[in-house]
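Here is the structure we will look at, set down as structure tokens.
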Number of protein chains: 2
Amino acid sequence: MAFAETFKALADPARREILTLLKVGRMSAGEIGSHFDMTGATISYHLKILKNAELIYEEKEKNFIYYSLNTSVVEDMLLWLSDLRGDQDEKN
Amino acid sequence: MAFAETFKALADPARREILTLLKVGRMSAGEIGSHFDMTGATISYHLKILKNAELIYEEKEKNFIYYSLNTSVVEDMLLWLSDLRGDQDEKN
DNA sequence: AATCTAATTAGATATTTGTCTAAATTATAG
DNA sequence: CTATAATTTAGACAAATATCTAATTAGATT
């Protein structure tokens with residue numbers, strides 16, 4: 001179970017920012033990197049962690065790699081937190 | 001804004017376990033510790049991180065310190081994730 | 001085939017994190 | 001007011017994390 005990995009992936013601000021960027025739609029690694037003051041290698045490192053946590057997936061196309069958000073794992077986080085928060089709002 | 005702190009607090013499995021224990025009700029530091037194979041000092045360290053993240057709060061009573069879950073910050077996490085997940089289920 | 005481009009991998013390193021033992025704190029109970 | 005109990009704080013340290021530069025891989029274009 002990769003649940004622990006997912007929480008750890010979410011713990012870094014750069015990675016959360018990447019996920020926010022991907023809300024709009026898929027983006028190449030380079031495009032993602034251009035939003036940060038970090039080397040491509042570092043971006044690549046963060047993308048790998050997000051990928052391992054199954055928070056994003058990649059599609060290779062030409063010589064670009066496009067990344068997209070995988071909301072189904074976000075769904076699992078929501079359930080865990082919702083359960084933690086308790087029953088005061090059972091509609092989730 | 002302690003939002004980043006909260007995600008980091010949630011990243012550790014022992015800390016998530018502590019939160020789960022507190023779902024049932026408040027518990028003293030020692031009682032919490034008895035559920036783990038760690039020294040009291042280490043439990044204290046984790047409690048401090050959860051407290052700084054405002055995921056729990058403490059009440060001193062006699063010579064015990066009782067910890068309880070603070071669900072309002074959990075609520076903030078839920079909102080962030082819900083927004084990330086997108087609009088396919090707007091009821092939250 | 002040679003070269004250029006996008007991205008990743010490898011290796012190094014400083015910082016952060018989780019853990020321990022030992023000491024200090026704080027309140028209760030004799 | 002001293003001894004005990006619950007917890008935290010301090011200091012040390014190994015492991016994990018985030019970052020960089022340099023090298024490598026995989027495709028695309030000429």
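Contacts of A:Lys62 classified as salt bridge (charged side-chain N to carboxylate O under 4.0 Å, His left out), with partners at least two apart in sequence or in another chain: none.
With respect to A:Arg85, the side chain to side chain contact (heavy atoms under 4.5 Å, CB included) criterion is satisfied by exactly one of B:Val73, B:Leu78, B:Leu69: B:Leu78.
Here C:dT17 presents its P atom at 12 Å from CG of B:Asn52, a figure rounded to the nearest Å. Put simply, CD on A:Glu61 is 19 Å from P on D:dA26, counting in whole angstrom units. Separating the CZ atom of B:Arg15 from the C1' atom of C:dT16 is a distance of 12 Å, rounded to the nearest angstrom. Between the P atom of C:dG18 and the CZ atom of A:Phe7 lies a distance of 15 Å, rounded to the nearest Å. Rounded to an integer number of Å, the gap from A:Met38 CE to C:dA7 C1' is 17 Å. Atom CD1 of B:Ile18 is separated from atom P of C:dG18 by 11 Å (rounded to the nearest Å). Here the P atom of nucleotide C:dT16 and the CG atom of A:Asp12 are 13 Å apart, to the nearest Å.
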Can you give me the N/O atom pairs linking the protein to nucleotides 3-13 of chain D at distances under 3.5 Å, or say none if there are none?
| from | atom 1 | to | atom 2 | distance (Å) |
| --- | --- | --- | --- | --- |
| D:dA6 | O4' | B:Asn63 | O | 3.4 |
| D:dT7 | OP1 | B:Ala29 | N | 3.2 |
| D:dT7 | OP1 | B:Gly30 | N | 3.4 |
| D:dT7 | OP2 | B:Gly30 | N | 2.6 |
| D:dT8 | OP1 | B:Tyr67 | OH | 2.3 |
| D:dT8 | OP2 | B:Ser44 | OG | 2.7 |
| D:dT8 | O5' | B:Ser44 | OG | 3.0 |

Under 3.5 Å donor-acceptor pairs involving side-chain atoms of residues 19-26 of chain B, not counting sequence neighbours:
| from | atom 1 | to | atom 2 | distance (Å) |
| --- | --- | --- | --- | --- |
| B:Thr20 | OG1 | B:Arg16 | O | 3.1 |
| B:Lys23 | NZ | A:Asp83 | O | 3.2 |
| B:Lys23 | NZ | A:Asp83 | OD1 | 3.2 |
| B:Lys23 | NZ | A:Asp83 | OD2 | 3.2 |
| B:Arg26 | NH1 | B:Glu59 | OE1 | 3.3 |
| B:Arg26 | NH1 | B:Glu61 | OE1 | 3.2 |
| B:Arg26 | NH2 | B:Glu61 | OE1 | 3.4 |
| B:Arg26 | NH2 | B:Glu61 | OE2 | 3.0 |

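Where A:Ile49 and A:Lys62 each meet DNA chain D at their nearest nucleotide, the meeting point lying more 5' is that of A:Ile49.
In this structure, the side chains of A:His46 and A:Phe36 stay at 4.5 Å or more apart for every pair of heavy atoms. Using a 4.5 Å cut-off on side-chain heavy atoms (C-beta onward), A:Asn52 and A:Glu5 make contact.
Defining each end axis of the helix from C:dA1-D:dT30 to C:dG30-D:dC1 as the rotation carrying four pairs' C1' atoms onto the next four, with five pairs an end, the two axes are found to diverge by 20° to 10 degrees.
A donor-acceptor pair is defined here as one N or O able to donate and one able to accept, closer than 3.5 Å; such a pair exists between the side chain of B:Ser28 and the backbone of B:Glu31. Here the side chain of A:Arg15 pairs no donor or acceptor atom with the backbone of A:Leu10 at under 3.5 angstrom.
Checking the phosphate oxygens (OP1, OP2) of D:dA16, no side-chain nitrogen or oxygen of A:Lys8 falls inside 4.0 Å. Between A:His46 and the phosphate of D:dT17, there is no side-chain N or O to OP1/OP2 separation shorter than 4.0 Å.
Under the 4.5 angstrom side-chain criterion for Ile, Leu, Val, Met, Phe, Trp and Tyr, the cluster partners of B:Tyr66 are B:Phe64. If you chain together ILVMFWY residues whose side-chain heavy atoms come under 4.5 Å of each other, A:Ile49 ends up grouped with A:Tyr45.
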